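Quantities reported herein were computed from a predicted structural model and do not represent experimental measurements.
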Amino acid sequence: MFVKIHEPTDYQKFLLAADQRLILNDHDDMKLSTYLRGIEGETAFYELIKHSICIKLWDFNLRYKGSSQYDFLIGHKDTLFHFDIKNFTAHYKIVNHQFVSERDYVHTDVTSQLNKAYYKLETFLKNQQVKAKVVSKTIFINPGFNLSADSVPDHVILPHQIEKLIEFISSIVPQPVHSIHAEKMKLFHYSGAHFDRIHYYPFEEYKQGMRCPKCRRLTILHQQKKRYVTCQHCQHRIDNQTALIHLMKEMTLPKNDALTSTEVSVWSGFPKSTVRGIVQKICTKEGANKNRTYQLK
């Protein structure tokens, strides 16, 4: 059972909404790229363990004598497992305890980040009088990752070892104390949102269109006289109302304001009459006539 799952911050939601719609500044582009790569790996691991019955937390940010972030925490008997997910691809080697890519890029944070998180968590648990041993591991989740090393560090789990790990996690029997500890830890979670600063771009510069919730491409097209829309890339299909809800949630983020039926019609490709009929059921409205705006309930 997951006591906590990942929830994007407002800034991350904004970046996801802006993705593929305009050219981001260097800072936003780097943040989006890092987030997408990271969440892809974490989601892959989540899908592998989501049906296990043990007590789990996903994306826990600990506020205690500073801050530290934990991708996954899993309780087992008197041990708290901490798994840090890395979505690296291509060939790597280890040089002076650092992971070095085939292009000689040095990832200095892999081991140091894990050690820092381990120490912070161990210290926190002792302070809270939680009797649990901490075991920290780095999981290289991407099957395209290859490590050339004479000996693999004990804290490293390679792609070919993940299946065995999932079997172990699936065998864990939860104990009442695991839930108690997890709920206590949640009291020390913080979103980190106060570090985010959203740079709003001119709304008229965004590329219009409906995003597919499955493949995330802007390839959903309205079909005349159909009660559903279909993604032209992956063929995912959703009903018109659900599609408009997804779109309006996304449009509200870059606009940072309520929407007009004309804006929703232009972005979606739906006729204004269809948009009005749907938004009247799912939105609150302000103003009248041409000045009327809508916000999702």
Side-chain angles (χ1 to χ4, degrees), residues 2 4-6 30-31 33-50 52 54-62 64 66-125 132-172 182 185 189 192:
F2 269 98
K4 182 196 175 300
I5 63 172
H6 170 72
M30 181 192 68
K31 289 289 187 179
S33 177
T34 301
Y35 176 71
L36 288 175
R37 184 171 61 252
I39 199 62
E40 179 186 45
E42 291 177 30
T43 300
F45 189 67
Y46 167 79
E47 290 294 331
L48 291 173
I49 67 172
K50 66 180 180 181
S52 59
C54 55
I55 304 302
K56 304 176 286 292
L57 295 92
W58 176 17
D59 188 22
F60 174 66
N61 293 291
L62 175 63
Y64 176 75
S67 61
S68 50
Q69 190 271 338
Y70 301 84
D71 291 343
F72 290 90
L73 295 174
I74 300 176
H76 172 56
K77 295 182 179 180
D78 61 350
T79 300
L80 182 60
F81 284 96
H82 157 222
F83 296 114
D84 189 32
I85 310 299
K86 296 300 180 185
N87 192 21
F88 292 2
T89 58
H91 296 276
Y92 279 76
K93 58 185 177 181
I94 297 178
V95 179
N96 295 327
H97 307 291
Q98 306 297 340
F99 288 80
V100 181
S101 73
E102 58 188 350
R103 295 182 179 180
D104 289 328
Y105 179 84
V106 180
H107 292 268
T108 59
D109 62 335
V110 175
T111 302
S112 60
Q113 181 183 47
L114 190 77
N115 290 338
K116 174 190 173 183
Y118 167 84
Y119 176 76
K120 287 270 189 178
L121 185 57
E122 186 178 54
T123 304
F124 167 75
L125 294 178
K133 174 186 176 183
V134 177
V135 174
S136 294
K137 301 283 186 179
T138 300
I139 299 176
F140 290 93
I141 192 77
N142 198 306
F145 174 81
N146 180 269
L147 181 64
S148 299
D150 294 332
S151 61
V152 178
D154 291 339
H155 67 82
V156 169
I157 297 176
L158 298 174
H160 72 273
Q161 300 172 311
I162 292 176
E163 183 177 355
K164 186 176 181 179
L165 173 65
I166 301 306
E167 291 176 359
F168 165 70
I169 293 174
S170 298
S171 72
I172 295 176
M185 292 180 69
H189 170 76

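The aromatic rings of F81 and F168 sit perpendicular, their planes meeting at an angle over 60°, well past the 30° parallel limit. The aromatic rings of H6 and W58 sit tilted relative to each other, their planes meeting at an angle between 30° and 60°.
Nearest approach of F72 to E42, heavy atoms of both residues: CZ-O, 3.4 Å. Considering all non-hydrogen atoms of both residues, P143 and P159 come closest at CA-CB, 4.0 Å. A pairwise comparison of heavy atoms in C54 and G75 identifies CB-O, 4.3 Å as the closest pair. A pairwise comparison of heavy atoms in K120 and S67 identifies NZ-N, 4.3 Å as the closest pair. Between G41 and I141, the shortest heavy-atom contact is CA-CG2, 3.7 Å. D109 approaches K86 most closely through the heavy-atom pair OD2-NZ, 4.4 Å.
The NE2 atom of H82 sits 11.5 Å away from the CG atom of L57 when rounded to the nearest 0.5 Å. Atoms CZ and CZ, from F140 and F145 in turn, are 4.0 Å apart once rounded to the nearest 0.5 Å. Note that CG of L73 is 12.5 Å distant from CD1 of I55, once rounded to the nearest 0.5 Å. Summarising the geometry, atom CE belonging to M185 is positioned 5.5 Å from atom CG belonging to L80; distances are rounded to the nearest 0.5 Å. Atom CZ of residue F88 and atom CG of residue L147 lie 11.0 Å apart, to the nearest 0.5 angstrom. Separation of atoms CG (D71) and OG1 (T138) is listed at 9.5 Å; rounding is to 0.5 Å.
Under the 6.0 Å cut-off for aromatic ring centres, F83 and H76 do not qualify, their centroids lying 6.0 Å or more apart.
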Stepwise side chain to side chain contact (heavy atoms under 4.5 Å, CB included) test for F45 and L165: CA-CA 11 Å; F45 189 67; L165 173 65; 4.1 Å; yes
S52 vs I172, side chain to side chain contact (heavy atoms under 4.5 Å, CB included): CA-CA, chis, key distance, verdict: CA-CA 8 Å; S52 59; I172 295 176; over 6 Å; no
Test side chain to side chain contact (heavy atoms under 4.5 Å, CB included) applied to T111 and F99, step by step: CA-CA 9 Å; T111 302; F99 288 80; 4.0 Å; yes
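Around CD of E163, the count of heavy atoms belonging to other residues, nucleotides or ligands within 6.0 Å does not exceed 12. Other residues, nucleotides and ligands contribute at most 12 non-hydrogen atoms within 6.0 Å of the NZ atom of K93. More than 12 heavy atoms of other residues, nucleotides or ligands shown are found within 6.0 angstrom of NZ on K50. For Y119, the OH atom counts as loosely surrounded, since its 6.0 Å shell holds 12 or fewer non-hydrogen atoms of other residues, nucleotides or ligands.
Residues I94 and P153 meet the side-chain proximity criterion, which asks for heavy atoms closer than 4.5 Å. The shortest side-chain heavy-atom distance between D59 and K4 falls under the 4.5 Å cut-off. Using a 4.5 Å heavy-atom cutoff, the side chains of L48 and I169 are not in contact.
Checked by atom type and distance alone, the side chain of N142 pairs as donor or acceptor with a backbone atom of G144 at under 3.5 Å. Proximity of a side-chain donor or acceptor of H155 to a complementary backbone N or O of K137 within less than 3.5 Å is not detected. Distance alone, capped at 3.5 Å, places no donor-acceptor pair between the Y70 side chain and the L62 backbone.
Cation-pi geometry between K56 and F2 is met: under 6.0 angstrom from the ring centre, within 45 degrees of the axis.
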